[in-house]
Amino acid sequence: MEFRTRAFLVASGLVIGSMCGCAADEPSEQTSTRTGVSGGDSVVTEGLDAPWSIAFHGSTALVSERDSARILEIGADGTRYEVGVIDDVEPSGEGGLLGIAVREGKLFAYYTAADDNRIERFDITGQPGNLALGSGTPILTGLPAAAVHNGGRIAFGPDAMLYATVGDAGNRATAQDRASLGGKILRMTPDGRAPADNPLPGSLVYSYGHRNPQGITWAPDGRMFAGEFGQNTWDEINLIEPGGNYGWPEVEGIGGRTDFIDPVQQWKPSEASPSGMTNTGGFVYLANLRGERLRRIPLDDLTQSTELLVGEYGRLRDVAVAPDGSLWLLTNNTDGRGDPAPGDDRIVRLELGN
């Protein structure tokens, strides 16, 4: 099995207000250190095709593949089983079968169809090693879709509500239009209805002014975080407030305007392109595509971050906490933008230290 040259690089102090104004592809200084990793990293499985999202059904990992529209089950020994294929997926550009979430024996999938993005719910049947999907029930349709900026992450919050990140689909004006679902983070019941306590009455909109929001996660104290792809200047991590306006397309990154909420941290796209995220042990973990690294942000100091596995596995699409407390990372080198190595794409297990 061949791997890229190992480079466990850590950089700290990417503080929100004082980053350099150098060219987007100029490398930043790194420290050759390996922080927060005790038991090492190992490959769980390989040979995946443009994988996009990981979710756990009990102790069993499920993975979505963007272009094949397959849901895969990953066995304890790394064996892959096909759980099902989402029939109405129409992959195009960045669209296809995107985020998945699991709750109470049901799979929720965000995907691109012929004319829109939508969220559909499926019963999960069978036992590990022989799982299958029941017929689908659409819970939300009509989300804007395009070759780019589809958003696509879904997750259940601590309030048992389903949250979804929706991109502007290339139409910037929708992000500031609260009547549109484009450029938003949405909050809904598991059947797709607007909860009565949403910040905009009768609306699914939870926050707005987003360009292409991605991963979301909640700290133990209830704070909600979201990563976001910027245009050319800054990628972001945001602390999400109900009804908050995050500024796109008026500002990218820190704007310093009282009418918009600034990100808690920002990075040059060459060092980031933040995708999936999770949190455990007092840290947010953020998978990065173009930056080819896993970023770790302490919950008690959101202006700081360190970097792990820089360049080792290529593009990182998603990260999830496994039932044993380890992190599972999903590489994304076969989606047409990466540089596949033998065995790509793969799931990597990362054992965390203190």
Side-chain angles (χ1 to χ4, degrees), residues 48-57 61-72 83-103 106-122 133 136 138-156 162-170 181-186 188 192 204 210-217 226-229 273-278 286-289 315-320 328-338 345 347:
L48 301 174
D49 180 15
W52 216 88
S53 183
I54 308 175
F56 284 89
H57 173 54
L62 300 178
V63 172
S64 63
E65 289 186 332
R66 187 191 68 185
D67 298 338
S68 71
R70 295 192 302 172
I71 300 293
L72 301 177
V83 177
V85 177
I86 310 299
D87 291 334
D88 292 333
V89 174
E90 299 252 354
S92 176
E94 296 173 1
L97 177 56
L98 304 178
I100 57 174
V102 174
R103 185 174 180 85
K106 298 182 186 299
L107 176 81
F108 294 76
Y110 184 121
Y111 67 87
T112 310
D115 300 312
D116 62 358
N117 281 311
R118 54 184 57 190
I119 300 173
E120 195 164 354
R121 184 181 65 224
F122 303 83
L133 296 181
I139 66 168
L140 180 62
T141 61
L143 297 174
V148 295
H149 306 181
N150 289 289
R153 293 285 168 194
I154 55 175
F156 279 91
L162 180 64
Y163 292 73
T165 61
V166 184
D168 67 10
L181 297 184
K184 308 295 190 297
I185 295 177
L186 308 181
M188 68 197 78
L204 297 177
H210 299 288
R211 178 179 178 270
N212 193 11
Q214 291 291 301
I216 47 180
T217 193
E228 185 160 342
F229 293 140
S273 298
S275 188
M277 68 191 306
T278 190
L286 184 59
N288 292 268
L289 291 161
R315 293 158 55 86
L316 300 179
R317 175 65 76 175
D318 200 11
V319 57
W328 281 31
L329 307 173
L330 195 61
T331 73
N332 202 205
N333 299 309
T334 60
D335 70 342
R337 294 185 175 178
D345 268 310
I347 294 174

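Counting begins at 1 with the first residue of the sequence.
- Looking at residues two or more places apart in sequence or on another chain, you find no side chain to side chain donor-acceptor pair (under 3.5 Å) involving R103.
- Listed by chain and residue number, D335 satisfy the salt bridge (Lys or Arg N to Asp or Glu O under 4.0 Å) test with R317 (two or more places apart in sequence, or in another chain).
- Proximity of a side-chain donor or acceptor of S53 to a complementary backbone N or O of I100 within less than 3.5 Å is detected.
- Here the closest heavy-atom approach between residue V89 and residue R66 is recorded as CG1-O, 4.2 Å.
- Atom CG of L330 and atom OG of S64 lie 7.5 Å apart (nearest 0.5 Å).
- In this structure the side chain of L162 never reaches within 4.5 angstrom of the side chain of L140, judged on heavy atoms.
- For T331, the side chain to side chain donor-acceptor pair (under 3.5 Å) partners are D345, not counting sequence neighbours.
- Not a single donor-acceptor pair under 3.5 Å links the side chain of Q214 to the backbone N or O of G227.
- You'll find the side chain of P144 reaches within 4.5 Å of the side chain of V166, heavy atoms only.
- The shortest side-chain heavy-atom distance between Y111 and L98 does not fall under the 4.5 Å cut-off.
- Using a 4.5 Å heavy-atom cutoff, the side chains of V319 and L316 are not in contact.
- Of all non-hydrogen atoms in F56 and A320, the two that sit nearest each other are CE1-CB, 4.2 Å.
- Residues A226 and I185 share a closest heavy-atom pair of CB-CD1, 3.8 Å.
- Legend: residues meeting salt bridge (Lys or Arg N to Asp or Glu O under 4.0 Å) with E228, ordered by chain and number and at least two apart, are absent.
- In this structure a side-chain-to-backbone donor-acceptor pair under 3.5 Å is present from N333 to R315.
- The backbone N or O of G183 lies less than 3.5 Å from no partner atom in the side chain of D168, so there is not a single donor-acceptor pair.
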* Using the side chain to side chain contact (heavy atoms under 4.5 Å, CB included) rule, take T334 and D67 through it: C-alpha gap first, then chi angles, then the decisive distance, then the call. => CA-CA 10 Å; T334 60; D67 298 338; over 6 Å; no
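- Between atom CD1 of residue I154 and atom CD1 of residue I139 there is a gap of 7.5 Å, rounded to the nearest 0.5 Å.
- Looking at S275 and D318, their side chains never come closer than 4.5 Å, going by heavy atoms from C-beta outward.
- Taking CD1 of I71 as the reference point, atom NE2 of H57 lies at 12.5 Å (rounded to 0.5 Å).
- Distance alone, capped at 3.5 Å, is enough to place a donor-acceptor pair between the N288 side chain and the L286 backbone.
- Smallest separation of non-hydrogen atoms from G151 and W52: O-CH2, 3.6 Å.
- The distance from the CD1 atom of I86 to the CZ atom of R118 is 12.0 Å, given to the nearest 0.5 Å.
- Every residue two or more places apart in sequence or in another chain that forms a side chain to side chain donor-acceptor pair (under 3.5 Å) with N117 is listed here: T112, N150.
- Going from atom CZ of R70 over to atom CD of E65 covers 4.0 Å, rounded to the nearest 0.5 Å.
- For D49, there are no salt bridge (Lys or Arg N to Asp or Glu O under 4.0 Å) partners two or more places apart in sequence or in a different chain.
- The two residues Y110 and I119 have their closest heavy-atom pair at CD1-CG1, 3.8 Å.
- No donor-acceptor pair closer than 3.5 Å links the side chain of N212 to the backbone N or O of F229.
- Residues P213 and G167 come closest through the heavy atom pair CD-CA, 4.0 Å.
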